[in-house]
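Taking it in order: structure first as C-alpha cells, then the write-up.
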Amino acid sequence: MFRPVESSVSFPQLEQQIIEFWRQQGIYEKSLEARAAAPSFVFYEGPPTANGLPHPGHCLTRSIKDLFPRYRTMRGYRCDRKAGWDTHGLPVEVEVCKELGIHSKEEIESYGVEPFIQKCLESVFRYTQQWEQLTERLGFWIHLDEAYVTYHQSYVESVWWALKNLFDRGLLYRGHKIVWWWAQGGTALSSGEVGQGYREVADPSVYVRFPLVDPPGELRDTDLLVWTTTPWTLPSNQFAAVKPDLEYSVVRVEGESRKLIVASALVETIAAKLKKEFQVESTLTGLEMIGWRYRPPFDYYYKKQGQQTGRLRDGGKQHIAWRVVAAEFVTIDSGTGLVHQAPAFGEVDYDVLLAERARFEDAEGPSLICSVAADGKFTAETPQYQGRWVKDCDREIIRQLKSEGTLFHQEQYVHDYPFCWRAEEDPLIQYPRQSWFIRTSQFKDLMLANNARINWLPEHIREGRFGNFLETNVDWALSRERFWGTPLPIWVCEKTGYMEAVANYAELLAKPGVGGTEVWEAAKQSRPDLAEDLKIHKPYIDAVTYDSPKAAGARMRRVGDVIDCWFDSGAMPFAQWGYPHQPGSRERFRSQFPADFISEALDQTRGWFYSLLAISTLLFSEDEDQKQDDATTPAVAYPHPYRNCIVLGLMLGEDGQKMSKSKRNYREPTEIFDRYGADALRWYFFSNQPPWTSIRYSERAIKETIPEFLLRLWNVYSFLVIYANIDGFDPAAQIAGQVGQLTPDVLARAAGYRPLAERGELDRWIVSELNRTCAAAVKRMDAYDNFTACARLTEFLDALSNWYVRRSRDRFWSGQASADKADAYWTLYECMLTTCKLIAPFVPFVAEAMWQNMAVGDFGDRAAQSVHLCDYPQGEPAAIDETLSQRMATVREIVSLGRAARMDAKLKVRQPLARVEVVLVDPTHQSWLEDHAGLIREELNVKQVDFIQKAEQYISYTVLPDLKRLGPRLGRQLPAVRKYLASADAAALLAQMEKDGQIVLQLGGDRVTLDGEDLQVRLQAKEGWSAAQGRSSVVVLSTELTDALVQEGLARELVHAIQNQRKENNYEYTDRIAVGLVCDAPELCVAFEAFADYIRAETLTVEFGFAALPDAQAIELDIAGQKVGLYVCKATE
RNA sequence: GGGCGCAUAGCUCAGUUGGUUAGAGCGCGUCCCUGAUAAGGACGAGGUCUGAAGUUCGACUCUUCAUGCGCCCA
C-alpha cells in the first residue's frame, strides 16, 4: 500500500520534511560513499563572501552548481563538493569601517590595526548562518563543515607557497601603479568605488605654450599648444604626446609674435574660443614631430635634468624627457591634439613613461617625476607650493604661467570628475603607488593556449570576452596597501634591500635570529579566544623579523602590503587542501585537479575565471620554456584548472533593472522558498532559458512553474496512488527480496508483471517515450545543456499526463482485475519510478517525496533509501520503438485536427457525428492507423473513421520542391522550378511520378529531372468542408446529422446537466439519484426517452420520469434552445 | 571612448549546420471534461522576427552599418 497523497500539496512543507530526512539519514554522505571507488567528477566551489546576504542571483549559481554534481553522481561518478568562503579584501574592510563610522587609513590606524582586523574577522561570518540555511534550503549538497576559508593559516600558507614560487622564478616584481587616490584618507579606491563618486564640476581649463627647443629653422619662435584641466600636474610634466597619423598645423595668431602648433582639425575651434584670426602657415603629421624637444612651463626638474641624455637600446643617445612622443589615445574631441603628459598623475601617461623607459638601456631612461606627496600636498621639490593641497594651487599656477607668458588661454571646463564616496568634498587624484606585480603578460600565449582548450558555455566567451581580455593582458597588480588580506610574504633587508619570499610560518620561524613573535603571543594571552589563524595576519606578522643574510646586524622586515583577494580565490585548486604543506594534500590535489566543472556569473570573467587560469598557467604549465615539473609543481596538460565552465547570465530585477535592495524589485529567496518552494525556483532556473542568458527574475514565472510542471507531475503521481490503493495494487507483495533501485528488471520479477512485448500498444508507446526521454536527457546533460534536457522532460510529462493517463483512465476504473489492468499499473508505476530518477538532479525534493512513497513506502528497506542513491536511467534502446512514436504522434495530430474542424463547424464534442475522413499524405502508417481508429473515434466522438488517399473532392494537392536537396543541385534554376511546380497540376505530376518514377521539366533551355525524393506533397483542404490540415494529414468532418445522432447529442447534454447538479448538491460518487424532467419540446422528450438507459447509467439515476419531483429544487436548463425543468434528488431507497 | 552580449506574440522566453506554415507557457477569447475534481484538457486570435543594406536560388538564422538595452573595461 502507498501512503495516500494529500489532494492539495504544499511543496514548501514537503521540502522541509525532505531536508530533515536527508539530514538525519545522511543521504548526501551516503551518495558519496556509494561512489567511493568510482572515477571522480571534479567540482570547484567558487567561494562566496558571507559578509552580505545572499540574493536570487546566488540562488541561480548555487542551483547550477548543485545540478551537475548531482547528475554526475547518479551517472556513476564520485563528486566531492567542498565548500569555500572568500574572507579577505576591501569590501570586508569597508563594511567594518561603516560599522565603526570611520573612513581613512589614518583612522583605521588610530583605531588600531589589531582590533580592526579582529572586527574584519567577525564581519566575515556575519551572514554565514543565512548562507548555510539558504544552501540547505535550496537543496545544494556541499560539505559546508569542511569548507576552505581563505584567511585560515593553512590556506594562506598555500598562497604563500605559490607566491614564493613566483618570486623565486623572478615573476614577482615591484613597480608603480597609478591609482585613484583619496589623498586626505591616504587610500586607493577600487574602480567600483570610484564609479560611485563621479560628480559634475567646473575645473580650470588651460591652454599652455611649450616652446620648442632647437627646432628646425622655419619653426623658430614656435610653441606646442597643450591643453590640460589639471594645472597642478604641470610641474610634473615629462612629455607631450601627439598622434602620429594626425595632421597638425603651424599657425600664426593675429597680433602675436610666436607661432603655435595644434591639430589641424582644432584650429577653427580654438580660434573661435579666442575670437582671433588664425593663419595656417604649414601642416605636418604627428609622426614628423616625434622627438622634438620643448621647454616645460616649470623648471623644477628641467633645470637639473633638462639636458640629460641616456643610451638607447637600439644604439645612440637621446634626451630622457621633455620630448614629443607618440600615443594612440590622443584625440581631437577636445583640447589641442597635443597632450600634456604627467606620468605620475595619469594611468595612460604612466604607460607612456614605461614605453619610453623601455627604449633606453637599464637605468638610463627617464624616472618618474612626482612633485606631490601621498597627502596630496606639493613636496620640497616645488618649493613655491610646498605643503599646499594641489587643487588649491591651480589658481596660483595659472597666474604664474600668465606672468611668464606661457599661458595662451584659460576658461572653465565642466566635466565629470570622481570624488571620494565617503568624504564628498574630497576630489580624488590619480597618484602613483608602489605596487607588486606578477609578470602575467609573459604568459599571455600560454594562457591563450590553455583557454583554447576550455569548454566554455556559451562558447563565445572563449574568443570573446575572456579571449580579448587575455590578449590585452597586463601584469597583475597584486599588492594592496590595506590591512585585511593575505600578507605578501616578502621580507626585505633594511640595509641592502635584499629580498626573499617565505613559503610558510614554520619556515619563517626557522630563520636565523627570528624575533617578534611575542607580539602575537601577548595578544593571544590577553585574548585566548583569538583565532590562531590571525597570527599570520597583520599586524602580528609584521612584527616578525630576522637577521639579514646580506648585512651583519641588519634585519629582514616584511613589506607592509597585503595581496589582491582574487589571488586568494584563484589559488583554491591547491590552497583548499593546504597544498603542499598539509599531510595528504599532495594526493588530494592530484586527484582533484583540474576541475571538470565550475560555474559562476559573467562578472567573474575577469575575476575568478581569470585568477584561476592565470595562477594555474603560471604554476602548472607544461610548456618547454616554462616547464618546472618538480615535486610540487607538476606540469599538467591543458586545460587547467577547469575543463568546463558555465558562465551564467546576470540576473535582473522584476523591472529589468539591476537588482537592488532599495528598489525592492525582487522577492527575497526565503520568501520564494516559503511560498513556492525550492524546486519551483530551481525548475524555473533550469527550464526557462539556457543558463547563460541574462535572466529577468520573475516571481510570476516561478509561481507558474508549479502548475506547469510540478503539480502536473504530482497529479499523475496522485492518480496512481489513489487507484493503486483502491485496487490493492501492491508491488511489494508481488516482488520478493531486495529490490534496490526498482529498475525494470526488478519489476519483472513480479507475478503480475508481463513483458513489454505482451502489453498493449499504449503501454509500449509510453515506455518507448520514457526511454527516449532518458536517452535524450543523458545526452543533453552530458553536454551541460540543462535547458534542452528540461524541455524533453516536460514533453514526456505531457505525453504521460495528457495522453497515457487520459487514454488509460477506463483501464484503471474497470471493475474486475485483469491482465490489462495490471499492465496499466505496472506501466504507470515504472514510468513514475523512472521519472523520479530523471528529475532527481533538477527538483530533488519532489523526486525524493515521490520515491519515498512509491518505493520506500511500499518496500521499506528492501528498496534504495533515497532516489539520490540511484543510478540515472540512460534509456534502454530495446524499449524504444521509433515507429510507434511516429504513429502515435500522427494519431495525436489527427485528433487535434479533428477538434479544430469541430470548433470550426461549431459542433461541440458532445454532439456525436457519423464519421470523419482522414486524408494521409503518407500512407506508410495507414493500416496501423486503421487498427487504432477506435482511439480516434472516442477522442472525437464520431461513429466511424475512414482513411482515404484519393480524395480530390475534399482536398487539393500541392507539390513542393525539397529545397534542402535541390538547392545545392540546382542553384539559380531553383526559382524557375518552384514557379513551375506552383502553377502545375499537382495531381497530374503525381500521377506521372507514380508511373515513371521521375519528372522531367523543360525550363528554357535546360532540362531538369526530379525524382520522388525531390518532391514533397502537401494537402490542402478545399473550401466548403469542415476540415483541418496539418503536416501529415487532412481531417474532414462529416457534419451531416441523423435524428439518432441529434438525439444522442441531446441526451449527452442532459447527462452533462445532471452531472453538474450532482456535483452542485455535493453527492457522493456512489449516491443513487432520482431525476424528474419537465419538458414541453417533443423532440427533446423523444431523445431523452430513447436514451433513457444511457442517461441512467451515466448518472446513477434509479428513478427517471417526466414530472416534477416534490423533494427537489427546479433547475431551469436550456438544451438546444428549449427550456427544460430539471429536478434532482437522492433516490429514496 | 573600447570590448562583449542581447533585441522574436500583450508578457516571459525557445528557435538544433540558412530551406517551404517561426514555437511554448502565461494572459485573452471560445469550448470541453466532471471518478486526478478548490484539478484537468482542447481549440482559437495575436508576429513587417528592432531598422537599413549586403551575401545567397533562398535570411529570424551569415556579413556590415544604424538604433535601443545590458555587462565589463577606460
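Sequence lines set the chain letters: A, B, ... in the order given, protein chains first and strands last, and positions in each chain run from 1. Owing to the predicted nature of the structure, the values given are computational and were not obtained by experimental measurement. The figures that follow rest on heavy atoms only: side chains count, while hydrogens, waters and symmetry mates do not.
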Should A:Glu699 and A:Lys703 count as an ion pair when the cut-off is N to O under 4.0 Å?
no
Under 4.0 Å: is that the gap between some side-chain N or O of [X] and OP1 or OP2 of [N]?
X	N	result
A:Ser896	B:rC43	yes
A:Asn802	B:rG41	yes
A:Tyr723	B:rG35	no

Pairs under 3.5 angstrom only: tabulate donor-acceptor contacts from the side chains of residues 787-803 of chain A to other protein residues two or more places apart or in another chain.
| unit_1 | atom_1 | unit_2 | atom_2 | d |
| --- | --- | --- | --- | --- |
| A:Thr788 | OG1 | A:Asp785 | OD1 | 3.1 |
| A:Thr788 | OG1 | A:Asp785 | OD2 | 2.5 |
| A:Thr794 | OG1 | A:Cys790 | O | 2.9 |
| A:Asp798 | OD1 | A:Arg712 | NH1 | 3.2 |
| A:Asp798 | OD1 | A:Asn802 | ND2 | 2.6 |
| A:Asp798 | OD2 | A:Arg892 | NH2 | 3.3 |

Please give the distance between the C1' atoms of B:rA9 and B:rG47 as a whole number of Å.
5 Å
With a non-hydrogen cut-off below 4.0 angstrom, is A:Val716 in contact with a base, only sugar-phosphate, or nothing?
base
First of A:Pro707 and A:Glu463 reached from the 5' end of RNA chain B, by closest nucleotide
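Counting from the 5' end, the first nearest nucleotide belongs to A:Glu463.
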Restricting to side-chain contact (heavy atoms from CB on, under 4.5 Å), what partner residues turn up for A:Leu448, sequence neighbours left out?
A:Lys444, A:Asp445, A:Leu470, A:Glu471
Side-chain atoms of residues 895-903 of chain A: list all donor-acceptor pairs with protein atoms under 3.5 Å, sequence neighbours left out, distances to 0.1 Å.
| unit_1 | atom_1 | unit_2 | atom_2 | d |
| --- | --- | --- | --- | --- |
| A:Arg899 | NH1 | A:Glu939 | OE1 | 3.3 |
| A:Arg902 | NE | A:Leu940 | O | 3.0 |
| A:Arg902 | NH1 | A:Leu907 | O | 3.0 |
| A:Arg902 | NH1 | A:Lys908 | O | 2.5 |
| A:Arg902 | NH1 | A:Gln911 | O | 3.2 |
| A:Arg902 | NH2 | A:Gln911 | O | 2.7 |
| A:Arg902 | NH2 | A:Leu940 | O | 3.0 |
| A:Arg902 | NH2 | A:Asn941 | O | 3.1 |

How does protein contact run along nucleotides 7-15 of chain B, one letter per nucleotide 5' to 3', with B for base contact, S for sugar-phosphate only, - for none, heavy atoms under 4.0 Å?
----SSSS-
How would nucleotides 55-69 of chain B be written as a contact map, 5' to 3', with B for base contact, S for sugar-phosphate-only contact and - for no contact, using protein heavy atoms under 4.0 Å?
--B------------
B:rU55: pairing nucleotide in any strand, Watson-Crick or G-U under 3.5 angstrom
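Paired with B:rU55, as far as the under-3.5 Å criterion goes, is no nucleotide at all.
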Atom CD of A:Gln604 and atom C1' of B:rC4: how far apart are they, to the nearest Å?
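Between C1' of B:rC4 and CD of A:Gln604: 17 Å.
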Residues which pass side-chain hydrogen bond (donor to acceptor under 3.5 Å, both in side chains) with A:Glu600, listed by chain and number, not counting sequence neighbours:
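Partners of A:Glu600 under the side-chain hydrogen bond (donor to acceptor under 3.5 Å, both in side chains) test: A:Lys65.
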